[in-house]
Amino acid sequence: MAGRPYILSETTWREVADTDYSVAVLPWGATEAHNYHLPYNTDVVQCDHIAAESARQAWDRGAKVIVLPTVPFGVNTGQVDIKLDINMNPSTQMAVLEDVVEGLQHQGIEKLVIMNGHGANDFRQMVRELWPRAGMFLCTLDWYKWIDASIFDEPGDHAGEMETSLMQYLAPDLVKPLDEAGDGAEKKFRIAALAEGRAWTQRDWTQATADTGVGDPAPSTKEKGKLCFDHVSAEIADFFVELAAADVDDLYE
């Protein structure tokens, strides 16, 4: 069976050599505990599916988008005490990203989208640092900021209703029964400015959570997951199409 032409890992050299790609997409997830009912690769599964579906829709509309393999490790400095949560420091991410950008730029790819699927990853400063010397257009998006929150009672922050619903739709065989899940209750900071977000520090997840989740998964359903997936993928596909057609030297009006 032929692979999908917009997924690099399924594509051959002959197809790649004959295609003039407009946009490369680098999904970036994490490997970490997601309460008691979701797998450690939740962020990777979501990135894989959303990037692929967004690229498919864009490809079908003529945009030559290629999705690179998802990076499976994210910033988990607040979870180093949680067994087998794998931390990749921001400085390491920068080194990986720099190498990817250098290779793509050398090969004539003009635009790269870093599609982030993990809350502790933040590629904006890396884009700023690479921008003066990258030789290509760079941007980043957090796919979870594209959701329609009205689909959910309360989306949650980590392994809550939104992520659980998506996984029930995308990878139901990997989701444990919800009666095995913790309630995702989060302890708040005692210091008001930290609790309110006016000041920020890294959360210590072993102190802030009992089950590694933040957000109640109880209201989750496969149907909500499908609605969320369809909405996010369509919105990001529109962006891919527009970006593929854009002149990066004429982005302002």
Side-chain angles (χ1 to χ4, degrees), residues 26-50 69-98 114-126 140 142-145 147 152 154-168 170-171 173-220:
L26 178 62
W28 207 306
T31 299
E32 58 179 357
H34 276 73
N35 203 316
Y36 300 128
H37 62 295
L38 296 183
Y40 270 62
N41 74 335
T42 291
D43 291 351
V44 175
V45 169
Q46 293 170 158
C47 273
D48 283 346
H49 282 82
I50 292 169
T70 300
V71 180
F73 303 127
V75 177
N76 283 102
T77 50
Q79 301 183 8
V80 292
D81 293 327
I82 297 176
K83 190 174 183 179
L84 292 182
D85 276 23
I86 308 300
N87 175 55
M88 179 180 280
N89 285 326
S91 56
T92 309
Q93 290 183 316
M94 177 62 176
V96 171
L97 181 59
E98 190 169 23
I114 308 154
M115 198 187 83
N116 177 41
H118 172 59
N121 294 339
D122 188 347
F123 297 100
R124 291 174 297 178
Q125 297 300 337
M126 299 180 202
T140 182
D142 302 321
W143 69 255
Y144 47 84
K145 293 182 179 177
I147 70 168
F152 304 103
E154 180 58 50
D157 183 11
H158 184 73
E161 183 186 358
M162 185 271 287
E163 282 200 304
T164 301
S165 295
L166 268 178
M167 290 298 286
Q168 287 173 324
L170 298 174
D173 292 346
L174 298 179
V175 181
K176 299 289 188 183
L178 291 184
D179 59 10
E180 297 184 21
D183 62 10
E186 178 191 13
K187 294 181 180 178
K188 301 295 185 181
F189 286 109
R190 298 182 188 276
I191 299 172
L194 291 172
E196 295 163 1
R198 292 181 290 123
W200 182 90
T201 188
Q202 171 67 69
R203 281 182 292 187
D204 184 333
W205 284 73
T206 56
Q207 293 189 48
T209 74
D211 50 36
T212 76
V214 177
D216 183 9
S220 306

* **Nearest atoms (heavy-atom pairs only) where Tyr40 meets Lys83** => OH-O, 2.6 Å

* **Heavy-atom check, side chain of His37 versus side chain of Leu178, under 4.5 Å** => yes

* Asked: Just wondering, do Arg203 and Val214 contact through their side chains at under 4.5 Å, heavy atoms?
  -> yes

* Donor on one side chain, acceptor on other, Thr209 and Glu186, under 3.5 Å -> no

* To do: Answer whether the closest heavy-atom distance between the side chains of Asp183 and Asp211 falls below 4.5 Å.
  => yes

* Asked: Once the angle between the rings of Trp28 and Phe123 is folded into 0 to 90°, is it parallel (under 30°), tilted (30 to 60°) or perpendicular (over 60°)?
  -> tilted

* Within-4.5 Å side-chain heavy-atom neighbours: Leu166 and His49 -> no

* Check whether the side chains of Thr70 and Asp48 place a donor and an acceptor atom closer than 3.5 Å, and report yes or no. => yes

* Asked: Does any N or O in the side chain of Thr31 come within less than 3.5 Å of the main-chain N or O of Pro72, such that one atom is a donor and the other an acceptor?
  -> yes

* To do: Measure the shortest side-chain to side-chain distance between Glu161 and Asp216 over non-hydrogen atoms and say whether it is less than 4.5 angstrom.
  => no

* If you measure from CD on Gln46 to OG1 on Thr42, what distance do you get to the nearest 0.5 Å? -> 6.0 Å

* Kindly indicate whether the side chain of Gln79, heavy atoms from C-beta on, has any atom under 4.5 Å from the side chain of Asn87. => no

* Pairing of Arg124 and Asp142 as salt bridge, 4.0 angstrom limit -> no

* Asked: Which heavy atom in Ala159 sits nearest to a heavy atom in Asn35, and how many Å separate them?
  -> CB-CB, 3.9 Å

* **Spatial distance of atom SG (Cys47) from atom CG (Asn41) [nearest 0.5 Å]** => 11.0 Å

* Just by distance, with hydrogens left out, do Thr206 and Asp204 show a side-chain donor and acceptor under 3.5 Å apart? -> yes

* Structure fact -> side chain to side chain contact (heavy atoms under 4.5 Å, CB included) test vs Asn121 passes for just one of Asn116, Thr140, Ile114, namely Asn116

* How many angstroms lie between atom OH of Tyr36 and atom NZ of Lys176, to the nearest 0.5 angstrom? -> 14.0 Å

* Structure fact -> Shortest non-hydrogen pair, Trp143 vs Met115, comes out as CD1-CE, 4.2 Å

* Structure fact -> Asn76 and Glu32 have their tightest heavy-atom pair at ND2-OE1, 2.6 Å

* Taking atom types as modelled, is there a side-chain donor on Asp43 or His34 under 3.5 Å from an acceptor on the other? -> yes

* Do the side chains of Met167 and Pro39 get nearer than 4.5 Å, heavy atoms only? -> yes

* Is Ile147 close to Pro155 at the side-chain level, that is, under 4.5 Å between some pair of heavy atoms? -> yes

* Asked: Are any side-chain N or O atoms of Ser220 and backbone N or O atoms of Thr164, one a donor and one an acceptor, separated by less than 3.5 Å?
  -> no

* Hey, could you give me the NE2/OG1 distance between His158 and Thr212, rounded to the nearest 0.5 Å? => 5.0 Å

